[in-house]
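One structure is given here, and the rest of the page talks about it.
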Amino acid sequence: MIESQRHSYHLVDPSPWPISGSLGALATTVGGVMYMHPFQGGATLLSLGLIFLLYTMFVWWRDVLRESTLEGHHTKVVQLGPRYGFILFIVSEVMFLFALFWASSHSSLAPTVEIGGIWPPKGIGVLDPREIPFLNTLILPSSGAAVTWAHHAILAGKEKRAVYALVATVSLALVFTGFQGMEYYQAPSTISDSIYGSTFFLATGFHGFHVIIGTLFLIVCGIRQYLGHLTKEHHVGFEAAAWYWHFVDVVRLFPFVSIYWWGGI
Amino acid sequence: MGEIELKTAPADFRFPTTNQSRHCFTRYIEFHRCVAAKGDEATECEKFAKYYRSLCPGEWVDRWNEQRENGIFPGPL
C-alpha cells in the first residue's frame, strides 16, 4: 500500500471520529452549563457527552495505532506532525497553568484589605509543606527519572527492561496521586474557603488532573511496549508521553514553592 | 474670624500610589495595635486615630468595628 504511493506522506482515509468528537464536546459543554444552572437533564447530557468523548478518543487513537504500527504509514516526515503538534499542545497547557499560577500570585502577593491584608487569610488551615507535599515533590521527579530509564531501555533495544521501567514510573505516579487524594480528603480548608481555597484547589487540582492524564498515557505506553509496538527507532507515542510527564513533573515545583511553601507561611 | 487649621494624614512612603485603601487599613490596624499595647487612654494612639479617620470611608470603619465586635475582623490586630 505505502509502496504504491510515490510520496512519503500519509493521506488519511475518511473517518467519523472528528465529527463524533465534536458532538461529544458539544454535549459535554452544553450539558455542563445546564448542570450548573437550573435546567433539567444537565447531568445526563454532561455524562453522555463525556462518555462519548472518551469513546471517540479511544477509537481515534486506536485507528492511529493501526495506521502507524500495523500499516506502516508513519514515515519520518509523517512523524514530524505528531511531534510538533504534541509539543505545541504542551505549550498550550503551560499557558493554561501559567494563568492559574498568575491568579494565585495576584491574590497572594498583595492580599486585599477585605481579607485583612495578610496571607494566608485568617482562619484558613494550611498544610505543612514539610509533610506530604514535600514527599510528593520528591516522588514525581523520581518517576520522571524512571521514565528516562524506560526511554534509554527502549533505545537500547532492551524491551523487557523498558516494561519494568514503565511499571516503576506508573507505580510512583499512582502513589503520588494516592497521597494527593488523601491530602485533599483530609485538608482543613475547601475550595469554597475564600480566595485561598479557590486558587489553591484550582492550581493543585488541575495539576493533579494533568498527572492523572499523564499516568493513563504512560499506562498505554506500557501496554504497547509489552505488546512490542515500540521499536528503538520509532516510538513517537512514548516520547510524547515522556515529554508530557516531564512537563507535569516540572510544573509540580511551581505550586510547591509558591503555594504550599511560601503561601503557607 | 480665626484661622481654621486643616490637616490630614501625612503622605506615607509605604503607600506611594493613588489608591490609598491600604494606607487607611494600615492606620486602622496601627491604632488598634497601639491601644492593645498601651491601653485605651494612651495619648500616643490619638494620632493613628486621626489618620485613619481622615483616610477611611465611614462605612468601612463602621463595618470593621462591627467585625471586631463579632470577632470576625480578618486583619492582624
Side-chain angles (χ1 to χ4, degrees), chain A residues 98-131 133 183-205 254-265, chain B residues 6-40 42 44-77:
Chain A
F98 182 66
L100 292 177
F101 289 115
W102 183 328
S104 186
S105 305
H106 175 97
S107 310
S108 59
L109 287 169
T112 62
V113 155
E114 284 79 357
I115 51 168
I118 49 172
W119 193 270
K122 192 170 176 187
I124 298 284
V126 289
L127 299 165
D128 186 346
R130 296 163 299 185
E131 295 180 357
E183 269 232 315
Y184 265 29
Y185 192 63
Q186 300 180 333
S189 346
T190 72
I191 196 172
S192 336
D193 286 325
S194 105
I195 190 68
Y196 180 88
S198 302
T199 51
F200 178 86
F201 284 101
L202 269 176
T204 60
F254 293 104
F256 179 65
V257 170
S258 64
I259 297 182
Y260 281 103
W261 190 357
W262 180 87
I265 306 174
Chain B
L6 298 171
K7 277 208 288 203
T8 183
D12 189 337
F13 71 91
R14 295 174 296 175
F15 312 103
T17 52
T18 307
N19 186 333
Q20 295 282 293
S21 314
R22 274 184 214 284
H23 190 183
C24 137
F25 188 67
T26 306
R27 293 299 191 196
Y28 182 83
I29 299 260
E30 282 174 350
F31 171 68
H32 285 97
R33 281 186 177 171
C34 174
V35 160
K38 307 216 167 158
D40 264 332
E44 301 95 334
C45 303
E46 259 305 299
K47 68 170 192 286
F48 293 125
K50 285 194 181 156
Y51 295 161
Y52 88 72
R53 284 173 201 147
S54 311
L55 289 164
C56 300
E59 296 91 351
W60 293 16
V61 175
D62 295 336
R63 189 176 67 231
W64 293 334
N65 288 340
E66 204 183 307
Q67 284 177 340
R68 276 191 308 112
E69 269 159 49
N70 297 332
I72 53 172
F73 182 69
L77 283 176

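Proteins come first, then strands; the chains are lettered A, B, ... in the order of their sequence lines, and each starts at number 1.
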Should we say atom CH2 of A:Trp102 is surrounded by more than 12 heavy atoms from elsewhere, each under 6.0 Å from it?
no
When the 4.5 angstrom heavy-atom criterion is applied to A:Ile118 and chain B, the contacting part is side chain
Return all side-chain donor-acceptor pairs below 3.5 angstrom for residues 8-17 of chain B, not counting sequence neighbours, or 'none' if the list is empty.
residue, atom, partner, partner atom, Å
B:Asp12, OD1, B:Arg14, N, 3.0
B:Asp12, OD1, B:Arg14, NE, 3.2
B:Asp12, OD2, B:Arg14, NE, 3.0
B:Asp12, OD2, B:Arg14, NH2, 2.7
B:Asp12, OD2, B:Arg27, NH2, 3.3
B:Arg14, NH1, B:Glu30, OE2, 3.1
B:Arg14, NH2, B:Glu30, OE2, 3.2

Considering residues, nucleotides and ligands other than B:Gln67, do more than 12 of their heavy atoms fall under 6.0 Å from its CD?
yes
If you count heavy-atom pairs within less than 4.5 Å of chain B, which of A:Gly117, A:Pro111, A:Gly123 leads?
A:Pro111
Heavy-atom pair of closest approach, residues A:Gly116 and B:Pro76
O-CD, 3.3 Å
Atom OH of A:Tyr184: over 12 foreign heavy atoms under 6.0 Å:
yes
Using atom types as modelled and distance alone, determine if a side-chain donor or acceptor of A:Lys122 lies under 3.5 Å from a backbone N or O of B:Phe73.
yes
